[in-house]
Amino acid sequence: MWPKYSIFKHMNIKFTNYDDGIHHFEFFKNIDDLDLDDRFVGELKLNCKMDKSHHQIIIDCDLNFNTNLTCDRCITDFEKIYSDHFQNIYFISFEKDSDEKTEQPGIYYLSHHEDKIDLSNDVNEIIKLSLPMKVLCNDECKGLCPNCGKNLNENECNCKTNVENPVWEELKKIKKN
């Protein structure tokens, strides 16, 4: 059984409490406690596997969260559960004045004085990046009729949808010749 944590401010793993080897963690957090907009609702679940050795820690996490979204095509509100995965590698530096930085995402350096890893910023970033740029209720969404505004997923309409754009009239004349 994995240890369960209900964290209010941060998602911390105090790695100095654990021997080398593999350890599992399960975090639950109310989405309202994170700095996110109102599309994100309910409770966030974070399952992590920590592989700790003397010089490095690898944290492998699966993230699940709920959303209330509006489809960009048919403007229907719907709920969707998102899942994502991320992995961070932490190198432990035992040098006295080591202040190494990296530009590679997911790779961090810890001084030998640090005793915990805070996953809050990584989780917040992954959640924000998990939503697609174009939100659809389903891949086959037909959207709204451009003339009458009916939701074409629910009913067909009798509108003429082949609307000609007058901008192309001159090109059509040239094409005919």
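- Both cation-pi conditions hold for K80 and Y82: the charged atom is under 6.0 angstrom from the six-membered ring centre and inside a 45 degree cone around its axis.
- Contact annotation: the side chain of M50 approaches that of I57 to within less than 4.5 Å [non-hydrogen atoms, C-beta and beyond].
- Looking at S120, its side chain does come within 3.5 Å of a backbone N or O of M11 through a donor-acceptor pair.
- The aromatic rings of Y108 and Y90 lie parallel to each other, with less than 30° between the two planes, well short of the 60° mark.
- For the 3.5 Å distance criterion, the side chains of D35 and N124 fail to qualify, holding no donor opposite an acceptor.
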Quiz item: Does the pair S53 and D20 meet the rule for a side chain to side chain donor-acceptor pair (under 3.5 Å), with working shown?
Solution: CA-CA 5 Å; S53 66; D20 288 356; 5.9 Å; no

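- Between the K45 side chain and the L63 main chain, no donor and acceptor come within less than 3.5 Å of each other.
- Looking at K150 and L144, their side chains never come closer than 4.5 Å, going by heavy atoms from C-beta outward.
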Quiz item: Can you list the steps and then say if K128 with E125 is a salt bridge (Lys or Arg N to Asp or Glu O under 4.0 Å)?
Solution: CA-CA 5 Å; K128 289 176 183 176; E125 185 175 315; over 6 Å; no

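- Of the possible donor and acceptor atoms, none in the side chain of T67 sits under 3.5 Å from a partner among the backbone N and O of L69.
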Quiz prompt | Residues D72, K134; criterion salt bridge (Lys or Arg N to Asp or Glu O under 4.0 Å); working and verdict | solution = CA-CA 7 Å; D72 289 337; K134 184 170 189 127; 6.0 Å; no

Self-check item: Working for ring-ring contact (aromatic ring centres under 6.0 Å, His included), residues Y18 and F25
Solution: CA-CA 12 Å; Y18 296 93; F25 304 92; 5.2 Å; yes

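- A donor-acceptor contact shorter than 3.5 Å is absent between the side chain of D84 and the backbone of S130.
- The environment of I81 atom CD1 is sparse: at most 12 non-hydrogen atoms of other residues, nucleotides or ligands sit within 6.0 angstrom.
- Residues C159 and N147 approach most closely at CB-ND2, 3.6 Å, considering heavy atoms.
- Between the side chain of R73 and the backbone N or O of C141 there is at least one donor-acceptor pair closer than 3.5 Å.
- Checking side-chain atoms of D51 against main-chain N and O of I58 turns up no donor-acceptor pair under 3.5 Å.
- A heavy-atom distance below 4.5 Å is found between the side chains of L119 and C61.
- Looking only at distances, no side-chain donor or acceptor of E169 sits under 3.5 Å from a matching main-chain atom of P166.
- V135 has its side chain within reach of F78: a pair of non-hydrogen atoms, C-beta onward, lies under 4.5 Å apart.
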